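In what follows, a structure is listed as structure tokens, so that the remarks can point back to it.
Order of the sequence lines fixes the chain letters, A, B, ..., with proteins taken first and strands second; residue numbering starts at 1 for each chain. What you see is a predicted model, and the numbers here were worked out from it, not measured in a lab.
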2 protein chains.
Amino acid sequence: MTVVETVEARLPAHEVVYRELREQILFGEIAPGQAVTIQGLTERLGAGMTPVREAIRRLTAEGALKFQGNRRVIVPLLSAKNIEEIIVARKCLEGELARRATERAKPEDLQFLVQTDKLLDQAIVKGDLQAYLEHNFRFHERIYDMADAPILADLAEGLWLRFGPSLRVVCGRVGTQNLPDKHKDLLSAMQAGDAERTAQANVEDMMQGMEQVRIMLA
Amino acid sequence: MTVVETVEARLPAHEVVYRELREQILFGEIAPGQAVTIQGLTERLGAGMTPVREAIRRLTAEGALKFQGNRRVIVPLLSAKNIEEIIVARKCLEGELARRATERAKPEDLQFLVQTDKLLDQAIVKGDLQAYLEHNFRFHERIYDMADAPILADLAEGLWLRFGPSLRVVCGRVGTQNLPDKHKDLLSAMQAGDAERTAQANVEDMMQGMEQVRIMLA
DNA sequence: CAACCTAAAATATGATCAAATTATGGATTG
DNA sequence: CAATCCATAATTTGATCATATTTTAGGTTG
């Protein structure tokens, strides 16, 4: 048995299933509107029923899944109104988190962000949608971690879980080439230690993405 | 079998357990730091293991419970830093929700709020902590519902779940007599249709409560 | 077109296995 | 001789699974 297997064996099955399913939703592998069945997951992930159930309830609580009245669970379809709400919340959260992250940035954090942004650019050039979505998320997730504000980070990640599936749809239509971001502005501001400018760049970056989703839903 | 029992029987056991446990946490019946065991709940609520498990995962995802590394689940203890984070998020959310609620207020909503505030005052006079906490929550919950913004309402309720247990501790120490609120200001502004003033009153009300918790934690 | 029937899926229980905490008793030390 | 510490046993609790029951959806028949 390898070391990796030993470490993973320490994680409960419900935790493993949760993470797996979460990533699949986050990167749009399960489309908005699509049903998620317990039995389907037990087969697909080779897990028992109870752990699968627990993972589904957890993701439902986070808004990543929606419990229909009739025992059905689906990946929710976002409405234009939903996006407005998400924008309101993110405007506040993304600004605050970027501000705090800048004040606490360590060299290895900046190095990670620069490196991730590079990988992101490469994914855009290659047109690799999956890699684009993943690196983009890792970039912002790192900022959340840096902020040393677990509750705010939880809220921000929870929102990501809500619009993630739609983002995939948007990017699939628009194409990775046409996805502008403000990461360069953000990084230069953060390197300069300018928390306010970093916050502003992060909010603008967020708004660009949300705008794309908004256009699609209209 | 009564009608009520028939209707409740339609709700899945995991949903019933979830609601029950959620209320108990919300109104501080389970103290911060206290452990929540699966077997304890199966006995106390007369439910099976799987539904209890699902309810716990759901509440863990909402931040109402915390999963310790060693398989233990507790009601989290708030730190002073946590409160700061909650304040940042609530400043944004409570303002927006009150604004939207005012714009959409129907006569029966206002009637409910006035009535609930009356019950709240009575609870204060009687020194009935449990009733105070419950009516206070129902008051604000109604505002969330009125706002017609399910995602923002989810976020606001989720935060309530985080500070609820601490609020109980605070009120237990301070006594219900010494708990000022801004509900009268809020109601008069809302009745006048002044969304901005309602928002301001709601944020002030929130801050008064958070301030109490902050003082206790210092 | 409605009522019924069948198949599939979800709910829920209890049994079983594994892990962790607590309790116990003996050895060691001051 | 009493107190402390450590190792080990016992008990409690969590994790997982297999299975029985209930519910729903969809197709079929009158």
Seminar exercise, completed: Looking only at heavy atoms, the pair that brings A:Ile74 and A:Ala35 closest together is CG2-CA, 3.8 Å
For this session: Using only side-chain N and O atoms of A:Asn70, determine if any of them is under 4.0 Å from OP1 or OP2 of D:dA25.
Result: yes
For this session: Name every residue in residues 51-63 of chain B that has at least one heavy atom under 4.0 Å from any atom of DNA chain D, in order of residue number, or write none if there are no such residues.
Result: B:Arg53, B:Arg57
Seminar exercise, completed: Contacts of A:Phe139 meeting ring-ring contact (aromatic ring centres under 6.0 Å, His included) (sequence neighbours excluded), chain-then-number -> A:His183
Report all side-chain donor-acceptor pairs from residues 141-158 of chain B shorter than 3.5 Å, counting only partners two or more places apart or in another chain.
unit_1   : atom_1 : unit_2   : atom_2 : d
B:Glu141 : OE1    : B:Arg138 : NH1    : 3.4
B:Arg142 : NE     : B:Asp109 : OD1    : 3.1
B:Arg142 : NH2    : B:Asp109 : OD1    : 2.9
B:Tyr144 : OH     : B:Glu94  : OE1    : 3.4
B:Tyr144 : OH     : B:Glu94  : OE2    : 2.4
B:Asp148 : OD2    : A:Lys81  : NZ     : 3.0
B:Asp154 : OD2    : A:Arg162 : NH2    : 3.3
B:Glu157 : OE1    : B:Arg22  : NH2    : 2.5

For this session: Could you identify which residues of residues 32-46 of chain A place a heavy atom less than 4.0 Å from some atom of DNA chain D, listed by residue number, or say none?
Result: none
Problem set entry | Whole-Å gap separating C1' (D:dC17) and NE2 (A:His14) | 14 Å
For this session: Send over the distance from A:Glu15 CD to D:dG14 P, rounded to a whole Å.
Result: 16 Å
Exercise. Between B:Arg71 and A:Arg71, who's closer to the 5' end of DNA chain D by nearest nucleotide?
Worked result: B:Arg71
For this session: Would you kindly give the CE-to-C1' distance between A:Met49 and C:dG14, to the nearest whole Å?
Result: 15 Å
For this session: May I have the distance from B:Ile74 (atom CD1) to C:dT21 (atom C1'), rounded to whole angstrom?
Result: 16 Å
Exercise. Who are the ring-ring contact (aromatic ring centres under 6.0 Å, His included) partners of A:His14, not counting sequence neighbours?
Worked result: none
For this session: Mind checking ring-ring contact (aromatic ring centres under 6.0 Å, His included) for B:His135 and listing every partner two or more places apart, or none if nothing turns up?
Result: none
Exercise. Is there any side chain to side chain donor-acceptor pair (under 3.5 Å) pair reaching into residues 208-218 of chain B, and which pairs are they, with sequence neighbours excluded?
Worked result: B:Glu84-B:Arg214, B:Glu211-B:Arg214
For this session: Hey, could you give me each pair passing salt bridge (Lys or Arg N to Asp or Glu O under 4.0 Å) that has a residue in residues 59-79 of chain B? Not counting sequence neighbours.
Result: none
For this session: Mind calculating the distance between CZ (A:Arg72) and P (D:dT24) to the nearest angstrom?
Result: 11 Å
Show me the donor-acceptor pairs, under 3.5 Å and distance only, between side chains in residues 36-53 of chain B and residues at least two apart or in other chains.
unit_1  : atom_1 : unit_2  : atom_2 : d
B:Thr37 : OG1    : B:Gly40 : N      : 3.0
B:Thr42 : OG1    : B:Gln39 : O      : 2.6
B:Arg44 : NH1    : B:Gln24 : OE1    : 2.8
B:Arg53 : NH1    : A:Glu54 : OE1    : 2.8
B:Arg53 : NH1    : A:Glu54 : OE2    : 2.8

